[in-house]
Chemist: 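Quick one: structure below, then a few questions.
All values below come from the heavy atoms of this structure, side chains included, with hydrogens, waters and symmetry mates left out.
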Amino acid sequence: MTTDGLVRGPYAEVARWLAATPQDALERRRHEAELLFKRIGITFAVYGEGGDPERLIPFDIIPRILAHAEWEELSRGLAQRVKALNLFLLDVYGAQEILRAGRIPAALVRENAAFRPEMNGFVPPGGVYTHIAGIDVVRTAPHEFWVLEDNCRTPSGVSYMLEGREAMLRLFPDLCARHRIAPVGHYPEELLETLKSVAPPNCRGTPRVAILTPGSYNSAYYEHCFLADEMGVEVVEGPDLFVENDIVYMRTTTGPQRVDVMYRRIDDDYLDPRVFRPDSALGVPGLMAAYKAGNVALANAPGAGIADDKAIYPYVPEMVRFYLGEEPLLSNVPTYLCERDEDRAYVLDHLDELVVKLTHGSGGYGMLVGPHSTAEQRADFAARIRAKPAEYIAQPTLALSTVPTLVEKGIAPRHVDLRPFVLCGKEVRIVPGGLTRVALREGSLVVNSSQGGGTKDTWVLEDDPADIAKPAAQGQSQC
């Protein structure tokens with residue numbers, strides 16, 4: 001919000017609003033937002049906890065703001081990155097030229113649990129593997145964005161982006177009206193058009209789209225139903241579908257209806273018990289046969305997870321150079337692969353400085369934040385790394401940007417990241433903004449909702465207001 005003693009231009013109106021609004025009024029509005037989310041039913045599940053795992057995700061009412069020029073720079077880098085990731089997937093399940101060229105170690109791909117040999121030699125409709133990508137980005141300086149993680153399988157969180165905007169428009173119409181905010185409400189329309197654009201070769205007429213969910217116990221079930229409702233398509237579970245003559249049908253009250261495009265929100269392992277896990281009750285027997293026969297499209301494609309594996313992540317800039325002949329517009333965070341002897345030795349000697357992650361981990365689980373860890377925790381992770389080095393990577397702790405956040409003691413700086421959602425079909429579409437996740441605990445760098453993080457509405461302005469020479473209000477000087 002501030003830099004060098006100035007309130008940054010995009011936050012000028014928010015600074016005036018915060019200075020003029022009493023703390024108790026902000027608290028009342030936060031409570032209204034919580035009631036609104038509770039009434040709508042926006043929840044997420046926390047696995048591995050006793051009792052009812054359903055929780056409301058905390059929503060902070062102070063928006064996170066990006067100027068137009070900042071977003072333009074960021075969105076160009078996102079589009080470039082997702083194009084390269086899709087070309088990588090097309091290649092590793094085809095000619096494997098990048099492996100033969102030695103630009104990525106072949107064993108890192110072929111022996112990776114996320115690599116699906118069942119996809120070898122098959123080209124999905126339109127040659128697109130990851131149709132919906134969530135790219136996690138952090139900021140460390142006014143013009144420094146870093147990609148922290150790529151999510152190419154089943155990225156979630158877009159419903160929080162959309163509902164957060166609706167909440168802000170309802171609770172703070174005057175504040176919103178004082179800004180030229182790029183809209184996000186057309187995301188479901190863009191998603192539907194993207195899915196239709198990759199209809200399979202044997203699709204007849206207008207493609208019929210459905211969302212395949214594992215069911216109400218999934219942490220993102222609310223989002224599955226929300227998106228289905230917004231797009232005007234059916235949300236289905238495995239038992240609602242069957243395959244006949246390599247064609248997928250869903251059971252309806254008016255009889256079977258053919259499904260042409262499946263936006264699947266279940267993991268590869270559970271998609272088809274005839275191909276993957278035979279004990280899966282969530283998938284559809286024969287789905288992969290229908291897929292390979294050109295009768296249904298799956299978004300995202302099975303096997304797309306190899307592109308977002310944390311051991312593959314360090315090579316994404318090389319993918320950009322190899323496939324696009326361009327320099328990456330977005331930088332990676334420097335990453336140490338613990339399976340390398342030299343990297344492992346460095347990590348073990350600097351555990352108190354680094355963030356250590358599981359290569360197949362997500363949700364903030366299985367992670368060590370070195371500067372905030374205890375000696376006992378570091379010793380535990382050192383033993384884990386020595387036992388299974390290939391399962392861990394490490395990265396330096398970045399000085400993540402902070403934004404003003406309403407906490408119990410008032411307004412204080414809290415660390416944030418950003419997950420923009422990139423849609424890839426016949427063209428690349430990016431709705432301005434994304435999901436801002438905020439670490440609500442003081443000093444915490446972990447923004448995941450499963451670890452106590454919350455969300456904010458992300459405003460991309462359609463203009464570039466100049467910074468103003470106005471000191472920040474008390475308590476905001478470090479935001």
Side-chain angles (χ1 to χ4, degrees), residues 86 88-96 109-110 112-132 152-154 192 194-215 218 224 228 233-252 254-308 424-426:
N86 266 304
F88 166 72
L89 289 163
L90 187 64
D91 182 27
V92 295
Y93 290 114
Q96 298 189 340
V109 173
R110 294 172 183 156
N112 195 302
F115 181 72
R116 295 294 183 182
E118 298 88 351
M119 291 292 290
N120 282 336
F122 175 70
V123 178
V128 180
Y129 281 79
T130 184
H131 311 77
I132 304 97
C152 299
R153 311 180 200 202
T154 54
L192 184 59
T194 296
L195 294 171
K196 286 182 175 179
S197 76
V198 293
N202 298 333
C203 175
R204 295 172 294 190
T206 302
R208 181 177 282 110
V209 178
I211 295 181
L212 176 59
T213 176
N218 184 263
H224 307 164
V233 304
E234 296 294 332
V235 58
V236 296
E237 299 182 32
D240 299 324
L241 303 167
F242 67 94
V243 176
E244 189 174 282
N245 297 325
D246 288 341
I247 296 174
V248 181
Y249 295 94
M250 61 180 173
R251 298 178 172 90
T252 75
T254 58
Q257 291 186 1
R258 181 169 178 167
V259 178
D260 302 295
V261 182
M262 193 84 69
Y263 178 20
R264 55 99 175 194
R265 297 296 296 259
I266 71 176
D267 295 339
D268 289 357
D269 280 342
Y270 302 96
L271 270 177
D272 185 342
R274 294 180 184 171
V275 177
F276 303 115
R277 285 185 55 155
D279 61 341
S280 171
L282 300 176
V284 187
L287 180 60
M288 288 297 291
Y291 183 41
K292 292 191 173 183
N295 293 323
V296 70
L298 296 178
N300 290 338
I306 188 63
D308 67 21
C424 190
K426 285 188 176 178

Chemist: Can you give me the closest heavy-atom contact between N300 and H131, atom names plus distance?
Modeler: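 The pair with the smallest heavy-atom distance is OD1-N, 2.7 Å.
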Chemist: Is it true that a side-chain atom of D240 and a backbone atom of E237 form a donor plus acceptor pair closer than 3.5 Å?
Modeler: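 Side chain of D240 to backbone of E237: a pair is present.
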Chemist: Of all heavy-atom pairs between P285 and R274, which one has the smallest distance, and what is that distance?
Modeler: CB-NE, 3.6 Å
Chemist: Which atom pair, heavy atoms only, marks the closest approach of A199 to P125?
Modeler: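 That would be O-CB, 3.9 Å.
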Chemist: Inspect the contact between D269 and R116 and indicate whether a charged nitrogen and a carboxylate oxygen are less than 4.0 angstrom apart.
Modeler: yes
Chemist: Which pairs of donor and acceptor atoms, one on a side chain in residues 289-299, lie under 3.5 Å apart (sequence neighbours left out)?
Modeler:
from: K292; atom 1: NZ; to: E118; atom 2: O; distance (Å): 2.3
from: N295; atom 1: OD1; to: N202; atom 2: ND2; distance (Å): 2.8
from: N295; atom 1: ND2; to: D246; atom 2: O; distance (Å): 2.6

Chemist: Within a strict 4.5 Å, meaning less than it, do heavy atoms of the V284 and Y249 side chains meet?
Modeler: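 When only atoms from C-beta onward are counted, Y249 and V284 do not touch, as no gap falls below 4.5 Å.
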Chemist: Does any N or O in the side chain of R208 come within less than 3.5 Å of the main-chain N or O of V261, such that one atom is a donor and the other an acceptor?
Modeler: no
Chemist: Going from CD on Q257 to OG1 on T252, what distance comes out if it is rounded to the nearest 0.5 angstrom?
Modeler: 4.0 Å
Chemist: Looking only at heavy atoms, what is the nearest atom pair of Y93 and A114, with distance?
Modeler: OH-O, 4.0 Å
Chemist: Can you check whether P200's main-chain N or O pairs, donor with acceptor, with D260's side chain at less than 3.5 Å?
Modeler: no
Chemist: For I306 and F88: C-alpha separation, side-chain torsions, deciding distance, then whether side-chain contact (heavy atoms from CB on, under 4.5 Å) applies.
Modeler: CA-CA 9 Å; I306 188 63; F88 166 72; 4.3 Å; yes
Chemist: Just by distance, do the side chain of N86 and the backbone of V128 share a donor-acceptor pair under 3.5 Å?
Modeler: no
Chemist: Would you say T130's side chain and A304's backbone share a donor-acceptor pair under 3.5 angstrom?
Modeler: no
Chemist: Let me confirm one number: the OG1-CD1 distance from T194 to I132, rounded to the nearest 0.5 Å.
Modeler: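 Taking OG1 in T194 and CD1 in I132, the distance rounds to 7.5 Å.
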Chemist: Taking atom types as modelled, find out whether Y263 and R265 have a side-chain donor-acceptor pair closer than 3.5 angstrom.
Modeler: yes
Chemist: Using atom types as modelled and distance alone, determine if a side-chain donor or acceptor of R277 lies under 3.5 Å from a backbone N or O of D268.
Modeler: no
Chemist: Output the distance between atom CZ (R258) and atom CZ (R204), rounded to the nearest 0.5 Å.
Modeler: 4.5 Å
Chemist: Say you draw a straight line from CG of L90 to CE of M119; how long is it, rounded to the nearest 0.5 Å?
Modeler: 10.0 Å
Chemist: Would you please test L271 and I266 for side-chain contact (heavy atoms from CB on, under 4.5 Å) and show each step?
Modeler: CA-CA 7 Å; L271 270 177; I266 71 176; 3.8 Å; yes
Chemist: Could you tell me whether the side chain of V236 reaches within less than 4.5 Å of the side chain of V259, counting heavy atoms only?
Modeler: no
Chemist: For the NZ atom of K196 and the SG atom of C203, what is their distance to the nearest 0.5 Å?
Modeler: 10.0 Å
Chemist: When you look at CG of N245, are more than 12 heavy atoms from neighbouring residues, nucleotides or ligands closer to it than 6.0 Å?
Modeler: no
Chemist: Please report the closest heavy-atom contact between P273 and G283, naming both atoms and the distance.
Modeler: CD-C, 4.4 Å
Chemist: If you compare all heavy atoms of H224 against all heavy atoms of I211, which two are closest, and at what distance to 0.1 Å?
Modeler: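 Closest approach of H224 to I211: O-CD1, 3.6 Å.
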Chemist: How about C152 and Y129: do any of their side-chain heavy atoms sit closer than 4.5 Å?
Modeler: no
Chemist: CE of M262 to CG of L287: how many Å apart, nearest 0.5 Å?
Modeler: 5.5 Å
